[in-house]
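Numbered from 1 within each chain, the chains take letters A, B, ... in sequence-line order. Just so it is clear, the structure is predicted and the values come from calculations on it, not from any experiment.
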Amino acid sequence: MTNTYFLLFPSCVPVNGTKVSIIMDLDKGTYLEIPNLLHDILSIDLQRFTIHEIMKKFDHQYDQGIKEYFQFLVDNQYGFYTKDPKPFRKPEDIFYSPYKIISSVLAINTTTNYDLPEVLKQLDRLSCQLLQIRIYDPYDMDKLFNSLSPLKGSSIKICEVYVCYYSLISEEQLITICKEYPNVIIVVHTSKEKKQINISDEFNKKIVFTGEQVHANTKEVYDPSLFTISHSMYYESRHFNSGLHRKVCIDTDGSIKNYLSHTKVYGNIKENKISEIITKPKFQERYFITNDQIEKCKSCQFRYMCVSNSDIIKKNGKYFKKHTCNMDF
Amino acid sequence: MIDDSEKYKDLISIPEHPSISYDLHKISISHQSKKNNSKRFIYMKKYRGEGSILDFYKPNSNILSIKEND
Amino acid sequence: MKHLIFSEKTDFSVNRVIDWLAYYDQSFEKFIGPTENKDLFIYNDKTFSFTFGGKGFSNSSKVYKQSQINTATTWFRRPYKNCDHFLQEYEYQGAYPREKLDYTIYQRFRVFWDFIGYKLSEGHHFGSFKINELNKPIVLQEAQKIGLLVPKTLITNSKEELIHFLRDCNQKIITKPIHEVMRDHHYELEKDEYLFIYQMTQLLEELDDKPDIFAPSLFQEYIEKEYEIRTIYINGECYSTAIFSQLNEQTKIDMRNRDANEPTRYFPYKLDASTEEKINVLMNKLNLNFGAIDFIKSVEGDCFFLEINPVGQYGDVSIFGNYYLHKKIAEFLLNKKEKK
């Protein structure tokens, strides 16, 4: 033990919370709850101090606990012992993305008259990866099928479409859309019956019918099942707002926003190109406010895995999220 | 990848011969079916080739209160 | 001016570099060998003219189809080795055997294709056109000459020599393919059911089983490892990660044998300066500005050089080291930085 070091793998990131801490496992996409004291021990520069020296730092008060916890972490492949820690390097704490738009949400209702195919073309040119289209009211499925045509051959990875149930909705047409556009996932909301239609084994896709409603005031949910634990997400959330960074949303009237629930409007798709709006420093302001800078979130152990799109308010030089949760235990 | 070499041993029977190198007697075989490895690649103009779909590092970036019931 | 990429039909690491090229508003052409795909760059519809020599005669290279095609840079990611993309059907009724004529024609295109690779390599390029020339035993010998530690190696077709070698290596040796020919081979059993044939590094502890007769094969001492090291060499820079494949019993010998639920752990790593310098010398000697280089760190603390893959995967090292290698490659292509 005297000349042995314990190192955590860099994919295993200790994050402290108010009452409890966690180790995020970026490789497995899971997290492990740990006591705050262990977090403090793991926050010591483990490459500089041997296990023995760490024990000494705590006046040998926790020798047994340190020994057992380190062994537990080794057994569960969160870390390892080594006699030569020098060649190991912490990954550089940086995040870059080649996508000018990472994600986007478009809202449509009966009064909407912006050019959907043109919006899709613009988003594809900006390398948008994740797209969500929320259609609040009954909508003609033939029209939807045709409007989605720019998705063909596009590099948009996922396009979630929420369509509103109506009595004449044709399941056949929904299936046709899913088959024509493999990157489209359809959810039918406000449905009388809850069910699923399997589309293809190949893509493991299905159409979900849900009784819940999607409308202009639908709230975001914050739930552990919706947390995202991944390498890119972790580094992104260290430097950018995990929800709003490179996100652009277009409301039913064509307003261009950071997110649909925000009040601030930066332009209108009927007059402006998306590219001209998203390059404005005002539009990008929220990109750079990380959870580490926001009150409450900054002491939450889930701050590098929570994707919240809440608007951010500044009060007395401090940032606050407009919508918060109570998950920081 | 699962090593199924024992199971499919007879499928590739490598003869002992001065033209065949030693390592070829130690070939491994893995059985794979397309269904399990659901192929999520489609042609994308940007890459002039196949790109992967339905896979993203933060798929829950636009959270709604609707949860898939599975 | 466009970037010319030599790739394969599906190559996700190329896609990630294209993402960065798009980010920097660069355009590219992709060549993958013979293809029906109209989007892709092909050679058999183009006209070529190369001039040089003489007195007062100018050196020139022209590739054109209606207008001249200028290549800004070339990335030999996975260069197409054959030259059948130049061959077109022709009528022949002569008495001389058709296949011999075909062979003659093919060999001539071979020389011309190599010449095109040579001309493209004169310009700013990344990767190597001539990956076929990388010979595993030669690379090991060259590495040893430069002072890198290489595992005890035997190349033989003699069982007797092999038995001696096994004894020398404490009854633990491995055999690996001298050249990876059967790699990634799919054999279709029935619809959607495949057998994937691959070659892993195999541990040998006894030699009582067959074969007794075999062609020249490569054997090395088995090295008990603390971890593996994979270094991605990009134009003078080494980006390394330690790979803890020995944590799982299945990946102890070869990390391809892994369980999807148990991730392999990585740790960004810095090779010592002298090893990095030797790698640089070796890569310069082999005329490579890209390579995925494998090492083993033994439990005794020695660092063994294993091999260089000039078309190796670098995505894992990039993600786990947070090195942004796709971005670095795109920037190398468009900045035309001078080689170190």
At a 4.5 Å cut-off on heavy atoms, which part of Phe28(C) comes close to chain B: side chain, backbone, both, or neither? both

Less than 4.5 Å apart, any side-chain heavy atom of Lys176(C) and any of Lys26(B)? no

Evaluate whether atom CD of Gln313(C) has more than 12 neighbouring non-hydrogen atoms of other residues, nucleotides or ligands under 6.0 angstrom away. yes

At a 4.5 Å cut-off on heavy atoms, which part of Leu162(C) comes close to chain B: side chain, backbone, both, or neither? side chain

Is Glu205(C) atom CD crowded by more than 12 heavy atoms from other residues, nucleotides or ligands, each under 6.0 Å away? yes

Lys9(C) backbone acceptor or donor facing Glu50(B) side chain under 3.5 Å: no

What pairs of donor and acceptor atoms, side-chain ones from residues 35-43 of chain C against any protein atom, are under 3.5 angstrom apart with sequence neighbours left out?
from: Thr35(C); atom 1: OG1; to: Asn37(C); atom 2: N; distance (Å): 2.9
from: Asn37(C); atom 1: OD1; to: Asp39(C); atom 2: N; distance (Å): 3.0
from: Asp39(C); atom 1: OD2; to: Tyr43(B); atom 2: OH; distance (Å): 2.1

Give, for atom CG of Leu154(C) and atom OH of Tyr22(B), the distance between the pair rounded to the nearest 0.5 Å. 11.5 Å

Please flag which part of Ile20(B) lies under 4.5 Å from any non-hydrogen atom of chain C: side chain, backbone, both or neither. backbone

Where on His25(B) is there a heavy atom nearer than 4.5 Å to chain C: the side chain, the backbone, both, or neither? side chain

Please identify, among Asp212(C), Thr156(C), Val14(C), the residue contributing the most non-hydrogen atom pairs under 4.5 Å to chain B. Asp212(C)

Smallest separation among heavy atoms of Ala215(C) and Ser21(B), with atom names: CB-N, 3.7 Å

How close do Asp23(B) and Ile178(C) get, counting heavy atoms only, and between which atoms? OD1-N, 4.3 Å

To the closest 0.5 Å, what do you measure between NZ (Lys46(B)) and CG (Asp19(C))? 4.0 Å

Among the options Ile18(C), Ile32(C), Ile5(C), pick out the one with the most heavy-atom pairs lying under 4.5 Å from chain B. Ile18(C)

On a heavy-atom basis, which atom in Arg48(B) and which in Glu29(C) lie closest, and how many Å separate them? NH1-OE1, 3.1 Å

Contacts of Tyr57(B) meeting ring-ring contact (aromatic ring centres under 6.0 Å, His included) (sequence neighbours excluded), chain-then-number -> none

